[in-house]
Amino acid sequence: MRSTGFRHAVAAIGVCSLALAVTSCGSNSDDSASGKTRITVNCRPPASAKVDRGFFDQDVAAFEGQHSDIDVVAHDAFPCEDPKTFDAKLAGGQMEDVFYTYFTDVKHVVDTGQAADLTPYVKELKSYGTIQKQLRDIYTVDGKVYGIPRTGYSMGLIYNKRLFKKAGLDPDKPPTTWEEVRADAKRIAALGGGTVGYADYSAQNQGGWHFTAELYSQGGDVVSADGKKATVDTPEGHAVLRNLHDMRWTDDSMGSKQLLVINDVQQMMGSGKLGMYLSAPDNIPILVKEKGGNYQDLALGPMPGGRGTLVGGDGYMFSKKDTPAQIRAGLKWLDHMFLTPGKGFLGDYARAKAHNAPVGLPEPRLFTGAADAEDQQAKKANANVPVENYRSFLEGNQKLQLKVEPPNAQQIYSVLDGVVSAVLTEKDADIDRLLEDASGKIDGILARS
């Protein structure tokens with residue numbers, strides 16, 4: 001799953017409208033008769049996101065100005081990838097020529113036979129060799145390249161420095177173990193007035209997503225290395241649920257309202273009533289711009305537990321219907337829009353700063369070597385957020401194992417949602433039985449995949 005999505009301050013934006021979702025998103029012709037190669041692309045910001053849409057359209061226009069032989073047709077809606085329509089579009093061969101995907105989609109898209117093999121063309125992507133290898137590898141299946149990564153994220157612990165200080169805690173030292181999280185949450189909740197120490201998701205597959213992140217943090221995993229068996233009914237899995245249960249029912253540090261999703265928790269944090277929750281850095285600007293928070297109060301620490309953290313992100317894949325000319329045009333478009341350090345839709349930090357978009361959040365680095373140095377220099381020169389608030393996250397992340405989401409993530413998250421929600425809503429929930437049942441259901445999902 002994506003923590004929020006689209007760029008730094010807007011939720012993930014989308015494909016084509018639901019009404020057109022399975023009929024007219026794709027392109028059946030490269031329009032070569034006109035002398036131009038036509039490509040359809042998605043994830044254009046909607047009209048409601050005026051600044052981001054303006055940036056996107058400016059960059060597309062600049063690209064077409066530099067490449068008069070290419071015509072880019074961008075589709076927009078909410079979100080960039082809608083789970084309700086993605087598979088239908090995929091099965092119907094109606095994807096755009098260049099289409100947005102989460103990291104967890106790659107094998108599924110390849111297995112359906114709807115992805116173009118980019119291996120013969122990827123050498124033409126100028127930036128390809130500068131991208132982090134672990135991100136490139138996500139879009140490589142059986143030695144063949146099927147997509148290009150665009151962004152990445154890793155989970156950490158967002159916390160309210162003001163509440164930490166009020167509770168007598170050091171606002172510059174976030175908890176790094178789950179025992180410390182529990183102790184700090186209890187002290188914050190004791191402030192009263194509806195203050196919650198720690199909050200977690202437990203609905204709409206988001207509870208399963210966070211359970212996975214918390215399991216990684218304990219050194220556990222959701223599925224075996226060969227992807228064939230569930231590995232949630234383990235000491236690490238029990239530790240995750242026992243900790244949540246005890247914070248909820250013994251300490252009363254998680255509040256009485258449960259079955260929360262991301263918007264609920266963001267609202268709590270933005271209003272100054274929540275001490276901590278797990279998230280990626282891109283939540284911070286949403287907390288400020290949409291939920292009433294401020295950058296000075298909001299800090300980010302590493303994932304508690306010290307063993308691992310969940311990483312995810314997105315990129316673009318190409319339709320199997322694409323002509324060689326469309327693939328080459330699409331790769332040039334990606335280079336221009338997303339993969340040139342310090343430039344483009346996600347990298348023009350000076351432009352972002354001029355429009356009061358946050359610059360300097362501790363996002364995982366996309367590039368390596370000289371390209372990374374150039375990108376970081378441009379970001380540092382235009383930073384407009386309190387970068388010191390994120391130092392512990394950056395330093396702590398270097399010691400953690402970075403782990404991608406499991407195969408069949410959304411189906412597995414749906415199973416684990418029920419486990420987490422039961423623990424947070426039923427004081428006498430049977431953790432042993434919940435994990436045993438979940439393990440069997442996950443085994444069934446893996447067997448069918």
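Heavy-atom basis, side chains included; hydrogens, waters and symmetry copies ignored.
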Between atom [atom1] of [X] and atom [atom2] of [Y], what is the distance when rounded to the nearest 0.5 Å?
X: Asn243; Y: His238; atom1: CG; atom2: NE2; result: 14.5 Å
X: Asp348; Y: Thr340; atom1: CG; atom2: OG1; result: 11.0 Å
X: Thr195; Y: Met268; atom1: OG1; atom2: CE; result: 9.5 Å
X: Ile284; Y: Leu300; atom1: CD1; atom2: CG; result: 5.0 Å
X: Leu310; Y: Thr212; atom1: CG; atom2: OG1; result: 7.0 Å
X: Met276; Y: Asp184; atom1: CE; atom2: CG; result: 5.5 Å

Any donor-acceptor pair under 3.5 Å linking the side-chain atoms of [Y] with those of [X]?
X: Glu405; Y: Tyr102; result: no
X: Asp264; Y: Tyr201; result: no
X: Ser319; Y: Asp97; result: no
X: Thr101; Y: Asp105; result: no
X: Tyr295; Y: Asn389; result: no

Is any side-chain heavy atom of [X] closer than 4.5 Å to a side-chain heavy atom of [Y]?
X: Phe338; Y: Leu366; answer: no
X: Leu278; Y: Leu157; answer: yes
X: Met247; Y: Asp200; answer: no
X: Val420; Y: Leu424; answer: yes
X: Ile412; Y: Val232; answer: no
X: Tyr198; Y: Ile188; answer: no
X: Phe393; Y: Pro174; answer: no
X: Ile262; Y: Asn283; answer: yes

Closest heavy-atom pair and its distance - [X], [Y]:
X: Leu402; Y: Asn397; answer: CD2-O, 4.5 Å
X: Asp443; Y: Ala230; answer: OD1-N, 2.7 Å
X: Val419; Y: Ala438; answer: CG2-CB, 3.7 Å
X: Gly272; Y: Leu163; answer: O-CD1, 3.6 Å
X: Pro304; Y: Trp178; answer: O-NE1, 3.4 Å
X: Leu331; Y: Ile148; answer: CD2-CG1, 4.1 Å

Mutual orientation of the aromatic rings belonging to [X] and [Y] [parallel < 30°, tilted 30-60°, perpendicular > 60°]:
X: His245; Y: Trp249; value: tilted
X: Phe164; Y: Tyr159; value: tilted
X: Phe86; Y: His108; value: tilted

Exercise. Do Leu135 and Phe103 pass the side-chain contact (heavy atoms from CB on, under 4.5 Å) test, and can you show the C-alpha distance, the side-chain angles, and the key distance before you say yes or no?
Worked result: CA-CA 9 Å; Leu135 300 182; Phe103 285 174; 3.9 Å; yes
Take atom [atom1] in [X]; do more than 12 heavy atoms of anything else shown fall under 6.0 Å from it?
X: Asp142; atom1: CG; value: no
X: Lys161; atom1: NZ; value: yes
X: Lys343; atom1: NZ; value: no
X: Gln376; atom1: CD; value: yes
X: Arg307; atom1: CZ; value: no

Exercise. Under 3.5 Å, is there a donor-acceptor pair between the side chain of Asp226 and the main chain of Lys228?
Worked result: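 Pair found, side chain donor or acceptor close to backbone of Lys228.
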Problem set entry | Whether Arg448 side chain and Gly444 backbone form a donor-acceptor pair below 3.5 Å |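 Side chain of Arg448 to backbone of Gly444, a donor-acceptor pair under 3.5 Å: yes, one is there.
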Expected list for residues 110-119: side-chain donor-acceptor pairs under 3.5 angstrom, two or more places apart:
| residue | atom | partner | partner atom | Å |
| --- | --- | --- | --- | --- |
| Asp111 | OD2 | Lys107 | NZ | 2.9 |
| Thr112 | OG1 | Val109 | O | 2.7 |
| Asp117 | OD1 | Thr119 | N | 2.9 |
| Asp117 | OD1 | Thr119 | OG1 | 2.6 |
| Thr119 | OG1 | Val145 | N | 2.9 |

Exercise. Can you check side-chain contact (heavy atoms from CB on, under 4.5 Å) on Thr250 and Arg182, steps first, answer last?
Worked result: CA-CA 11 Å; Thr250 303; Arg182 182 179 174 187; 3.8 Å; yes
For this session: Give the C-alpha distance, both sets of side-chain angles, the deciding distance and a yes or no for ring-ring contact (aromatic ring centres under 6.0 Å, His included) between Phe56 and Phe345.
Result: CA-CA 6 Å; Phe56 191 95; Phe345 181 62; 5.5 Å; yes
Problem set entry | Cation-pi geometry met for Arg136 and Tyr128 (6.0 Å, 45°) |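 Because its charged atom sits under 6.0 Å from the ring centre and within 45° of the axis, Arg136 does stack over Tyr128.
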For this session: Evaluate side-chain hydrogen bond (donor to acceptor under 3.5 Å, both in side chains) for Asn263 paired with Lys291, printing each intermediate quantity in order.
Result: CA-CA 9 Å; Asn263 185 62; Lys291 309 300 180 183; 2.5 Å; yes
If you measure from the Lys or Arg side-chain nitrogens to the Asp or Glu carboxylate oxygens, is any gap between [X] and [Y] under 4.0 Å?
X: Arg365; Y: Asp372; value: yes
X: Arg44; Y: Glu96; value: no
X: Arg242; Y: Asp246; value: yes
X: Arg391; Y: Glu388; value: yes
X: Lys403; Y: Asp221; value: yes

Problem set entry | Residue that, paired with Leu435, satisfies side-chain contact (heavy atoms from CB on, under 4.5 Å) out of Val240, Asp233, Asp430 |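 Only one of Val240, Asp233, Asp430 forms a side-chain contact (heavy atoms from CB on, under 4.5 Å) with Leu435, namely Asp233.
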For this session: Would you check, one step at a time, whether the test side-chain contact (heavy atoms from CB on, under 4.5 Å) holds for Ile442 with Leu416?
Result: CA-CA 9 Å; Ile442 294 171; Leu416 294 173; 4.2 Å; yes
Problem set entry | Which residues share a side-chain contact (heavy atoms from CB on, under 4.5 Å) with Ala239, sequence neighbours left out |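 Counting only residues at least two positions away or on another chain, Ala239 forms a side-chain contact (heavy atoms from CB on, under 4.5 Å) with Gln218.
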Problem set entry | Centroid-centroid distance, Phe318 to Tyr121, less than 6.0 Å |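 Ring centres of Tyr121 and Phe318 not closer than 6.0 Å.
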Exercise. Which pairs count as side chain to side chain donor-acceptor pair (under 3.5 Å) when at least one residue sits in residues 414-423, sequence neighbours excluded?
Worked result: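 Sorted pair list comes back empty.
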For this session: Could you go through the side-chain contact (heavy atoms from CB on, under 4.5 Å) check for Met155 and Tyr216 one step at a time?
Result: CA-CA 11 Å; Met155 300 284 281; Tyr216 288 174; over 6 Å; no
